[in-house]
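A note on names: the letters A, B, ... follow the listed sequences, proteins ahead of strands, and every chain is numbered from 1. No hydrogens, no waters, no symmetry mates; every other heavy atom, side chains included, goes into these values.
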There are 2 protein chains.
Amino acid sequence: MTAFSPNLMARPDCAACPIRHRAVCARCEADELAQLEKIKIYRSWKAGETILFDGDPMDFVGSVVTGCAMLTRRLEDGRSQMVGLLMPSDFLGRPGRSTAPYEVSAATDLTLCMFRRAPFEKLLVEVPHIRDRLLEMSLDELDAAREWMVLLGRKTAREKVATLLLLVLRRSSLPISGVARADLPITREAMASYLGLTIETVSRQMSRLRADGVITLEGLRKVSAPDLEALALAAGEDSDGATIA
Amino acid sequence: MTAFSPNLMARPDCAACPIRHRAVCARCEADELAQLEKIKIYRSWKAGETILFDGDPMDFVGSVVTGCAMLTRRLEDGRSQMVGLLMPSDFLGRPGRSTAPYEVSAATDLTLCMFRRAPFEKLLVEVPHIRDRLLEMSLDELDAAREWMVLLGRKTAREKVATLLLLVLRRSSLPISGVARADLPITREAMASYLGLTIETVSRQMSRLRADGVITLEGLRKVSAPDLEALALAAGEDSDGATIA
DNA sequence: TATAAATCTTGACCTGTATCAAGGCCGGCT
DNA sequence: AGCCGGCCTTGATACAGGTCAAGATTTATA
């Protein structure tokens, strides 16, 4: 995964985020860039590290530059459910909230571009387009969350795994259809956490998809799909190819 | 359920929405009210009616005044998952989008306060506080959706049913703890759709909760819980009593 | 009020996924 | 290189929730 401009500065042609950024106001883009530049801080974590625990103070917002971050909610008895998988250009945090409502951790080696909340919120007041894009992004996230609810509530284990692979392949590789290859950014455990399954079930379904010729694995982390349409079919997806962001 | 001001006009003391509206700008509230007043339309549906099918053009936004609306996504083979349950004061629709990404239907007799999209979006540009509240609301919705993902992915059938009852009881009745009573606004089928279960499983778990003394049923639609704490326990909820909006 | 049509409940049985357990693969460390 | 420890895969078994089916209760209609 290569480095991208963080979300709020992304241009419409940003390869990492084909869905999220529709247009950028030509008039004020330069200003935004300059102002954001002044208050940003980069920070990195190693794969597996926890960035914030549920309830921790969270005095920043930011976006993923490289790598992959996870948002996880835990029930008291230890059961846990991932509720967000943040890829490059995805936004993290919420203006107006100072406490993390879930655990944030690094799925892979991770770099975040962070803005302290106070100056960011000030900027939010001054530059209306940042707020507009934040609204756009939140609504996209909401759509994605709802799409994921369908997966969690109604899809079979096989469909769940296929859907996640499809998501990763669609985000990582350029072609709309045909052969697609990608590095799986997450462990089997993280996949299970995201899909509402156990590790064993994920593993079994990966094996089945491989046996059925829907996917190919090289090592544990490299997946490819000779035919994305076939994978989409296994994912039980609407034929219109609705995208899950 | 009594009538409330629709969401965007809600005051901080609005009984229906204790969570969503933190503050209203005193300076511009009057103006907003006047401007919104000019472009709003009320419309009602009977319980069970479909308001919009997935993919229908949606040239309005609005909020629930009375009753209860459902957002449902369907897979091609007929499986369906409810992805939103809108109660009085909840917002429906998305500025900038003209097509419904899910089916919208009336769970009970329903009245919406609607604004045609074009003038609403114009207002959005002119009155910044409306946009701010829309962002707040979207972020709250996102939190709620994520909380629901935990339910769908990790909770048992009993916990799921208890969580939904708790949600309804918390929204309908005033006391923080102690006895709570409410009308279930939705059928068993809708409950099943929301919880990612079958009707039969919902029914069985309702019976079990009743047998265990956690809830009481009068007729099919009136529930009460002698002890909300006990219900929260059955819901597998964090002890801090985190609210699902 | 009687009857019909929904909606809900309960039971018997089955299946998909979780659980428990053993072994294999791979990367890191000495 | 060889060993160790963390992932991952595979198998055997158990159980929660789904499916199918019958009946009960409620609501709508005549």
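- Rounded to a whole Å, the CD1 atom of I186(A) is 14 Å from the C1' atom of dC8(D).
- One can place CD of Q205(B) at 7 Å from P of dG17(D), the figure rounded to the nearest angstrom.
- For dT9(C), the OP1/OP2 oxygens have a side-chain nitrogen or oxygen of R188(B) closer than 4.0 Å.
- For dT9(C), one of the phosphate oxygens OP1 or OP2 lies less than 4.0 angstrom from a side-chain nitrogen or oxygen of S203(B).
- Among the atoms of the strands shown, only primed sugar atoms or phosphate atoms (P, OP1, OP2) are found under 4.0 Å from some heavy atom of G196(A).
- Using modelled atom types, one finds no donor on one side chain facing an acceptor on the other under 3.5 Å when comparing T50(B) with S105(B).
- Among the nucleotides dG18(D), dC8(D), dT17(C), the one closest to any side-chain atom of T187(A) is dC8(D).
- Within 3.5 Å, no donor on the side chain of R210(A) pairs with an acceptor on the base of dT10(D), nor the reverse.
- We find that CZ of R208(A) is positioned 9 Å from P of dG16(C), with the value rounded to whole Å.
- Dashed line: the shortest gap from a side-chain N or O of S207(B) to OP1 or OP2 of dT9(C) is not under 4.0 Å.
- R73(A) contributes a side-chain N or O that, together with a main-chain N or O of P101(A), makes up a donor-acceptor pair within less than 3.5 Å.
- You'll find that the side chain of E200(A) is closest to dC20(C), out of dT17(C), dC20(C), dT26(D).
- Straight-line distance from the CZ atom of R221(B) to the P atom of dC8(C): 6 Å, rounded to whole Å.
- T198(A) has no side-chain polar atom (N or O) that falls below the 4.0 Å cut-off from OP1 or OP2 of dT17(C).
- Taking a cutoff of 4.0 Å between a charged side-chain nitrogen and a carboxylate oxygen, E141(B) and R146(A) qualify as a salt bridge.
- Rounded to an integer number of Å, the gap from CE of M191(A) to P of dC7(D) is 16 Å.
- For T201(A) (side chain) and L197(A) (main-chain N/O), no donor-acceptor pair under 3.5 Å exists by modelled atom type.
- Annotation: of the two residues near DNA chain D, R154(A) and L217(A), the 5′-most nearest-nucleotide partner is L217(A).
- Put simply, CD1 on I199(A) is 14 Å from P on dG6(D), counting in whole angstrom units.
- With distances taken from any side-chain atom of R204(A) to the nucleotides dT17(C), dT10(D), dG17(D), the minimum falls on dT10(D).
- Residue K160(A) contributes atom NZ, which lies 12 Å from atom C1' of dA18(C) at whole-angstrom precision.
- Using a distance-only test at 3.5 Å, with no hydrogens or angles considered, a donor-acceptor pair links the side chain of D77(A) to the main chain of R79(A).
- Remark: C1' of dT10(C) and CE of M206(B) are 15 Å apart, rounded to the nearest angstrom.
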